[in-house]
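Fair warning: this is a prediction, and the values are worked out from it, not measured in the lab. Side chains included, hydrogens not; waters and symmetry mates left out as well; all remaining heavy atoms used.
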Amino acid sequence: MKIIIGNASKELGESVVNRLDVQPSSAWISKFTDGEVNVEVANDLYNQEVYIVQSLSPPVNDNLMELLLIIDAVNRLGAKRIVVIIPYYGYSRQDRIIKNNDMQSALNAKLVANLIQTAGASSVAVIDLHSSQIEGFFDVPITNLNCFEAFVDCIHTENLAIVAPDVGAIGRARAFAKTLEEKYKIGLSDKIIVVDKYREKAGTSQVMNIIGEVANKNCVIVDDIVDSGGTLCNAALALKNCGAKSVISCITHGVLSGSAVEKISSSSLDKLVITDTILHKLEKTGKIKVVSVVDILTHFIQGEFANKRKITITKEEMLKIVQLVRIKLSNDEIDYYSKELAMLDWIHDTLLQVNTKGVSPMRYGSIDKDIHVRDDVINSQNIKEEILSNTKPEHGYFVVPKVIND
């Protein structure tokens, strides 16, 4: 496993590699005097699984180009698989074509997806996409991670009300409520409060009405992005005007452009909790708290690395392995093994590379239908009895996995 950290996610990426106890792969990212981005990566990435961590946060165009160049450089070195982890997917709000009189917009979120795939990404992981339809813009596998678990410890459950800041956010608010229900055994998901607002033009909003009872409630506004902060501050004021006891907000991506921090600091909002998907050097303010998504990304990488190391071998591959290791198996046995076994790719590679004299030790894992990794390297001299009972030895050196029936 190799991990490359982009400039936009330095602190988050370093937390991830520390948690995984691995060294980040070397990458040199610089700019020429004319503003062009230059990327150089270590040349030890051939046949490796490479994870690239880079948010598409402001300055979004610089960070996007940096990500694309990293992917391309890694791809040209012959990496086995490139997993692109984008904590914040910039351009996600431009996920549809807007037609206005005789003008029409581009489909920016789709274009960014195309660029990432063309550069060489094998799969993509993001945190809390603005809309699920963006997943359909990718032709490679994409994982949309939610970060609700990062927020739950910030919530006081007494007299709680979960608030969707607009109709489009009801699904996210209900999913968050269900996360709290599972943790605290309380009923919330059927009592979502909705803020009905009218937007006059992009970047401005006016709260019109609160749907649901919030009097004397501790309200939690749930959303994916806070940008200028206008919508959030207006919603907090409207909730307080309707009798809410307190209003906090849990928002995944804190873009916080322009004067957003000052606006939030002087608003009716009691607290804003954001994650570190976007790197900020916030001035001290009692209203903004940052929680980390490092556990979410760490668990994803661990699971992804373990799962993708497993491959299912074909009958033809099994025949080739059998010929190389000089083991006599019937056609029925070969067919059975090739259908039933999911082998780790390093075992597959070792079997294909083992020499015909049978003197090379090999790594081996005891199996049922999946092979579970053992860290010990074994040869004919130290095969334990318990392992031997689940193997098919031949010539004293080679072993072929045998299915253990449940």
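- Checking Asp224 against Thr252 by side-chain atom types alone, no donor-acceptor pair falls below 3.5 Å.
- Take Lys240 and apply the salt bridge (Lys or Arg N to Asp or Glu O under 4.0 Å) test, not counting sequence neighbours, and it matches Asp270.
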Candidate pair Ile4 and Tyr51, rule side-chain contact (heavy atoms from CB on, under 4.5 Å), full reasoning: CA-CA 6 Å; Ile4 296 176; Tyr51 296 79; over 6 Å; no

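- Between Ile221 and Ile248 there is no side-chain heavy-atom pair separated by less than 4.5 Å.
- In this structure, Asp95 does not pair ionically with Lys110, as no charged nitrogen and carboxylate oxygen lie closer than 4.0 Å.
- In this structure, CG in Asn43 is found 6.5 Å from CG in Leu77, a value given to the nearest 0.5 Å.
- Under the 4.5 Å side-chain criterion, counting only non-hydrogen atoms from C-beta, Val37 is in contact with Val39.
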As a quick check of understanding, evaluate side-chain contact (heavy atoms from CB on, under 4.5 Å) for Val167 and Ile170, giving each step before the final call. CA-CA 6 Å; Val167 174; Ile170 292 176; 4.1 Å; yes

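- Enclosure of atom NZ in Lys271 is not indicated, since only 12 or fewer non-hydrogen atoms of other residues, nucleotides or ligands lie within 6.0 angstrom.
- Annotation: the span from Asp44 atom CG to Ser26 atom OG amounts to 7.5 Å, rounded to 0.5 Å.
- Here the side chains of Pro87 and Leu12 are in contact, with some heavy-atom distance below 4.5 Å.
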Go through the steps for Asp227 and Arg93 under the test side-chain contact (heavy atoms from CB on, under 4.5 Å), then give the verdict. CA-CA 11 Å; Asp227 191 347; Arg93 286 173 286 179; 3.0 Å; yes

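- Evaluation of the side-chain contact (heavy atoms from CB on, under 4.5 Å) rule for Thr298 yields Val16, Arg19, Leu20, Val294, Gln302 as partners, not counting sequence neighbours.
- Residue pairs meeting the ring-ring contact (aromatic ring centres under 6.0 Å, His included) criterion with at least one member in residues 53-86, sequence neighbours excluded, do not occur.
- Under a 3.5 Å cut-off, the side chain of Thr143 and the backbone N or O of Ala125 do not form any donor-acceptor pair.
- The 12-atom threshold is exceeded at CG of Asp34, counting heavy atoms of other residues, nucleotides or ligands nearer than 6.0 Å.
- Under the 3.5 Å distance criterion, the side-chain polar atoms of Thr275 are left unmatched by any main-chain donor or acceptor of Ser292.
- Rounding to the nearest 0.5 Å gives a distance of 11.0 Å between OG1 of Thr118 and CG of Asn75.
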Evaluate the criterion side-chain hydrogen bond (donor to acceptor under 3.5 Å, both in side chains) for residue pair Glu40 and Asn38; output intermediate values, then yes/no. CA-CA 7 Å; Glu40 299 173 40; Asn38 179 52; 3.2 Å; yes

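- A distance of 5.0 Å separates CD1 of Ile264 from CG of Leu256, quoted to the nearest 0.5 Å.
- Listed here is the closest heavy atom pair of Ile134 and Tyr89: CG2-CE2, 4.1 Å.
- For the pair Ser267 (side chain) and Leu269 (backbone), a donor-acceptor distance under 3.5 Å is present.
- For the residue pair Asn7 and Glu66, a side-chain donor N or O sits within less than 3.5 Å of a side-chain acceptor on the partner.
- Residue pairs satisfying the ring-ring contact (aromatic ring centres under 6.0 Å, His included) criterion with at least one member in residues 103-133, sequence neighbours excluded, are absent.
- The closest side-chain heavy-atom distance from Leu45 to Ser25 is below 4.5 Å.
- Atoms CD1 and CD1, from Ile142 and Ile86 in turn, are 7.5 Å apart once rounded to the nearest 0.5 Å.
- Taking a 6.0 Å sphere around NZ of Lys178, one finds it holds 12 or fewer heavy atoms contributed by other residues, nucleotides or ligands.
- Under the 3.5 Å distance criterion, the side-chain polar atoms of His253 are left unmatched by any main-chain donor or acceptor of Ile274.
- Partners of Glu181 under the side chain to side chain donor-acceptor pair (under 3.5 Å) rule, at least two apart in sequence or in another chain, are Ser189.
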Checking side-chain contact (heavy atoms from CB on, under 4.5 Å) for the pair Ile85/Ile301: CA distance, chi angles, key distance, verdict? CA-CA 9 Å; Ile85 299 174; Ile301 293 173; 3.6 Å; yes

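- Atom CG of Asn146 is separated from atom CG of Asn144 by 8.0 Å, given to the nearest 0.5 angstrom.
- Using a 4.5 Å heavy-atom threshold, the side chains of Lys217 and Leu160 count as separate.
- Within the 4.5 Å cutoff, side-chain heavy atoms of Ile193 are placed close to those of Ile210.
- Between Val214 and Cys242, the shortest heavy-atom contact is CG2-CB, 3.6 Å.
- Checked by atom type, the side-chain pair Tyr88/Asn63 shows no donor-acceptor distance below 3.5 Å.
- Of the charged side-chain nitrogens involved, at least one lies within less than 4.0 Å of a carboxylate oxygen, so that Glu49 and Arg81 count as a salt-bridged pair.
- Contact annotation: the side chain of Ile251 approaches that of Leu272 to within less than 4.5 Å [non-hydrogen atoms, C-beta and beyond].
- Contact check for Gln23 versus Val17: no side-chain heavy atoms found under the 4.5 Å cut-off.
- Side-chain atoms of Ser9 never come within 3.5 Å of backbone atoms of Ile5 as a donor-acceptor pair (strictly under, hydrogens ignored).
- For Glu158, the CD atom counts as loosely surrounded, since its 6.0 Å shell holds 12 or fewer non-hydrogen atoms of other residues, nucleotides or ligands.
- Within the 3.5 Å criterion, the main-chain N or O of Ile97 finds no donor-acceptor partner in the side chain of Gln104.
- Every ring-ring contact (aromatic ring centres under 6.0 Å, His included) that Phe148 has, sequence neighbours left out, goes to Phe176.
- For the side chain to side chain contact (heavy atoms under 4.5 Å, CB included) test with Val273, the passing option among Ile155, Val291, Asp153, Ile288 is Val291; the others fail.
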